Number of protein chains: 2
Amino acid sequence: MLQTTTAAATRHVPMPLPAREADAHRETARAIGATLELLRAHLEPQRRLLHAGDPVYQAGERFQMLHVLNAGFVKIVNLAADGREQVAGLKFRGDWIGLDGIADGRYTCDAIAMDTTEVWSFRYDALIAACAREPALLRVLHEAMSREIARDRDSMMSLCTLPADARVAEFLRFWVDSLARRGLRTDQITLRMTRAEIGNYLGMTLETVSRALSKLARENVIGFAGSARRDILVHDAHALAGAAQRPLAAAAMLQ
Amino acid sequence: MLQTTTAAATRHVPMPLPAREADAHRETARAIGATLELLRAHLEPQRRLLHAGDPVYQAGERFQMLHVLNAGFVKIVNLAADGREQVAGLKFRGDWIGLDGIADGRYTCDAIAMDTTEVWSFRYDALIAACAREPALLRVLHEAMSREIARDRDSMMSLCTLPADARVAEFLRFWVDSLARRGLRTDQITLRMTRAEIGNYLGMTLETVSRALSKLARENVIGFAGSARRDILVHDAHALAGAAQRPLAAAAMLQ
DNA sequence: CGTTCGATTGAGGAAGATCAATTAATGTGG
DNA sequence: CCACATTAATTGATCTTCCTCAATCGAACG
């Protein structure tokens with residue numbers, strides 16, 4: 001089997017109290033602001049305003065630019081040669097997009113705005129040149145790439161080890177957390193994806209997403225605002241995190 | 001089901017010419033050699049020889065070094081706070097590991113040798129300093145990170161859109177392709193993972209992996225060498241790719 | 001030479017997919 | 001402003017895939 005004990009023990013930090021959590025959120029917001037400021041100071045970002053459905057870039061397009069979101073939401077859509085496609089990531093303010101294009105000089109996925117969105121774009125070569133003058137720029141770029149790698153692994157783990165209900169809860173938790181870190185309101189969130197898109201992202205059908213959301217609402221973890229059921233009331237973010245891990249807790253009970 | 005027809009159909013899909021494919025493989029092998037040479041020329045890699053089961057690094061450990069495989073095989077094992085763990089990646093000669101640690105100054109996963117393995121390790125700060133003197137170094141680093149991001153997305157897509165049998169075929173195809181690109185033999189490969197580990201990596205149980213392999217053997221796409229069924233004979237790598245996409249072809253037929 | 005571990009295979013069950021019907025919301029053209 | 005078409009979401013019924021549980025077998029190892 002896989003050896004679990006040592007690393008799990010050493011890795012984990014003392015309990016994150018709510019205050020701690022709020023600190024972490026403030027710190028993230030500060031870091032995002034600082035990064036954007038740094039970029040603005042050393043490069044001339046080309047600013048673009050996009051509307052829901054507009055592509056930032058598309059798969060196959062020649063890679064020249066990297067992009068950072070200054071506002072809005074973007075989905076990353078991966079497509080296979082045979083036509084399968086999947087929402088492979090969600091991006092928020094401060095996130096970098098287009099990093100996948102560096103390797104082969106072409107973007108390997110679509111990046112689509114999910115709402116009114118402002119992106120700052122830089123030529124990759126100009127960025128590298130600027131990094132030579134300002135090492136802090138290189139640090140933030142590497143941090144962004146590193147974070148994306150770590151994040152993708154966590155997504156894979158959710159897909160592989162959590163049952164459908166928990167994946168939906170985890171998805172909401174991630175969305176809420178992403179908003180909180182950017183200082184946006186989280187008591188009521190607007191999902192900018194259809195049930196079908198959420199299902200595609202989470203590896204399940206739209207019916208399963210719908211049932212999972214209904215169940216969370218029945219358990220009063222979330223609620224629906226308005227009759228268009230895209231606006232979701234998050235009564236208790238911690239309950240969401242709990243719902244995401246409930247099946248694990250249940251499994252542990254049986255030991 | 002309708003195997004015989006679809007299998008035959010997928011087999012004669014107009015493949016990128018074998019010659020093309022061989023070119024791509026040679027190019028990859030050349031690039032890996034060049035990267036290792038570049039690293040050796042500009043840094044003093046600390047070489048380490050590891051044996052199966054030895055960690056290159058572990059989750060939670062302080063990040064200081066990046067590592068490149070010069071020989072052998074490494075698995076990346078991600079672990080969640082609640083104890084879930086998953087094989088999240090497989091690494092071969094020329095691959096970089098530890099990139100996930102840059103963001104927060106700590107590794108977020110374990111990297112474990114799956115066989116006798118030689119890793120070259122560099123201090124991250126020394127590497128960055130060297131990049132300033134030699135831009136080609138920065139290029140290969142960025143390319144490695146970019147490739148990993150793109151690759152992880154493809155893995156996610158396999159997990160989400162392919163049924164179990166196809167995921168196993170795709171896993172073997174990936175392994176064979178990785179070996180081919182490094183100039184290693186691919187007619188017979190030794191899986192360095194138990195069925196349980198493969199299943200963990202692919203998001204299924206060990207029994208499902210076993211059944212999928214048996215089925216591929218029954219269809220003569222693969223064979224078993226020796227009675228310890230870890231050595232696998234790959235009769236036709238293209239047939240493997242076909243098996244990975246068969247379910248899609250079948251679905252398209254029904255339209 | 002027994003013990004343990006990994007792999008295979010079968011039988012039964014459960015999670016989630018598929019199919020289908022209904023409702024609500026949104027948009028369109030008259 | 002209203003009939004009408006279209007799209008999204010919900011919910012139920014059924015079916016399939018894959019998981020769970022269990023038995024067996026071979027190989028490796030002390």
Side-chain angles (χ1 to χ4, degrees), chain A residues 1-3 52-53 84 86-87 114 158-169 171-172 190-218 222-232 246-248 250-251 254-255, chain B residues 1-3 52-53 84 87 114 158-169 171-172 190-219 222-232 246-248 250-251 254-255:
Chain A
M1 280 274 104
L2 308 172
Q3 43 274 38
R84 279 142 55 217
Q86 196 211 357
V87 177
M114 303 170 70
S158 290
L159 286 174
C160 281
T161 65
L162 294 182
D165 285 359
R167 291 214 292 280
V168 172
F171 162 76
L172 291 176
T190 300
L191 296 183
R192 282 155 179 91
M193 314 165 74
T194 65
R195 303 289 191 260
E197 276 181 310
I198 298 171
N200 176 288
Y201 178 49
L202 298 176
M204 66 188 72
T205 60
L206 65 97
E207 292 93 334
T208 303
V209 174
S210 180
R211 281 185 246 268
L213 288 173
S214 297
K215 190 169 165 213
L216 286 171
R218 243 188 340 266
I222 62 169
F224 292 104
S227 47
R229 316 194 97 202
R230 278 204 189 181
D231 289 351
I232 290 190
R246 197 176 310 157
L248 283 312
L254 299 181
Q255 294 305 330
Chain B
M1 304 270 265
L2 48 160
Q3 275 97 333
R84 277 143 55 218
V87 177
M114 303 168 69
S158 290
L159 287 174
C160 281
T161 65
L162 294 181
D165 285 358
R167 291 213 293 278
V168 173
F171 163 75
L172 290 177
T190 300
L191 296 183
R192 282 156 180 89
M193 313 166 74
T194 65
R195 302 291 190 259
E197 276 181 311
I198 297 171
N200 176 286
Y201 178 49
L202 298 176
M204 66 189 71
T205 61
L206 66 97
E207 292 93 334
T208 302
V209 175
S210 180
R211 280 186 247 268
L213 288 173
S214 296
K215 191 171 164 211
L216 286 172
R218 235 176 359 254
E219 291 164 345
I222 62 170
F224 292 105
S227 45
R229 315 194 99 203
R230 276 202 188 183
D231 288 352
I232 290 189
R246 197 178 308 159
L248 283 311
L254 299 182
Q255 294 306 328

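Basis for what follows: all heavy atoms, side chains included, without hydrogens, waters or symmetry-related copies. Treat the numbers as computed from the prediction; the structure is a model and nothing was measured. Within every chain, numbering begins at 1; the chains are lettered A, B, ... in the order of the sequence lines, protein sequences first and strands thereafter.
- The structure places CE of B:Met114 at 6.0 Å from CD of B:Glu197, a figure rounded to the nearest 0.5 Å.
- Atom C1' of nucleotide C:dT8 and atom NZ of B:Lys215 are separated by 16 Å, given to the nearest angstrom.
- As judged by a 4.0 angstrom heavy-atom cut-off over every strand, B:Gly203 is placed among residues touching the sugar-phosphate backbone only.
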Check against side chain to side chain contact (heavy atoms under 4.5 Å, CB included), A:Leu191 and A:Leu172: CA-CA 9 Å; A:Leu191 296 183; A:Leu172 291 176; 4.1 Å; yes

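- The CZ atom of A:Arg211 sits 11 Å away from the P atom of D:dT10 (whole-angstrom rounding).
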Side chain to side chain contact (heavy atoms under 4.5 Å, CB included) between B:Leu162 and A:Arg84: does it pass, once the steps are laid out? CA-CA 10 Å; B:Leu162 294 181; A:Arg84 279 142 55 217; 3.8 Å; yes

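- Taking only side-chain nitrogens and oxygens, B:Arg230 comes nearer than 4.0 Å to OP1 or OP2 of C:dA7.
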Checking B:Met204 against B:Val168 for the side chain to side chain contact (heavy atoms under 4.5 Å, CB included) test, could you report, in this order, the C-alpha distance in whole Å, the side-chain angles of both residues, the deciding distance, and whether it holds? CA-CA 10 Å; B:Met204 66 189 71; B:Val168 173; 3.8 Å; yes

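- Rounded to whole Å, the distance from CG on A:Leu191 to C1' on D:dA9 is 13 Å.
- Closest-nucleotide positions on DNA chain C for B:Arg218 and A:Arg167 were compared, and the one nearer the 5' end corresponds to B:Arg218.
- Spacing between atom CG of A:Asp165 and atom P of C:dG16 amounts to 6 Å, rounded to whole angstrom units.
- Atom C1' of nucleotide D:dC18 and atom CG of B:Leu159 are separated by 15 Å, given to the nearest angstrom.
- Across all strands shown, B:Ser214 has heavy atoms under 4.0 Å from sugar-phosphate atoms exclusively, and none from any base.
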Verdict with reasoning, A:Leu213 to A:Ile232, per side chain to side chain contact (heavy atoms under 4.5 Å, CB included): CA-CA 10 Å; A:Leu213 288 173; A:Ile232 290 190; 4.2 Å; yes

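- Rounded to whole angstrom, the span from the CZ atom of A:Arg195 across to the P atom of C:dA24 amounts to 16 Å.
- Side-chain proximity of B:Thr208 to the nucleotides C:dG16, D:dC18, D:dT10 is greatest for D:dC18.
- Side-chain proximity of B:Ser210 to the nucleotides D:dA9, C:dT18, C:dT8 is greatest for C:dT8.
- As rounded to whole Å, 17 Å separates atom C1' of C:dC5 from atom CE of B:Met193.
- Atom pair B:Leu206:CG and D:dT20:C1' shows a separation of 11 Å (rounding to whole Å applied).
- Here the side chain of A:Glu207 is nearest to one of C:dT18, C:dT8, C:dG16, namely C:dT18.
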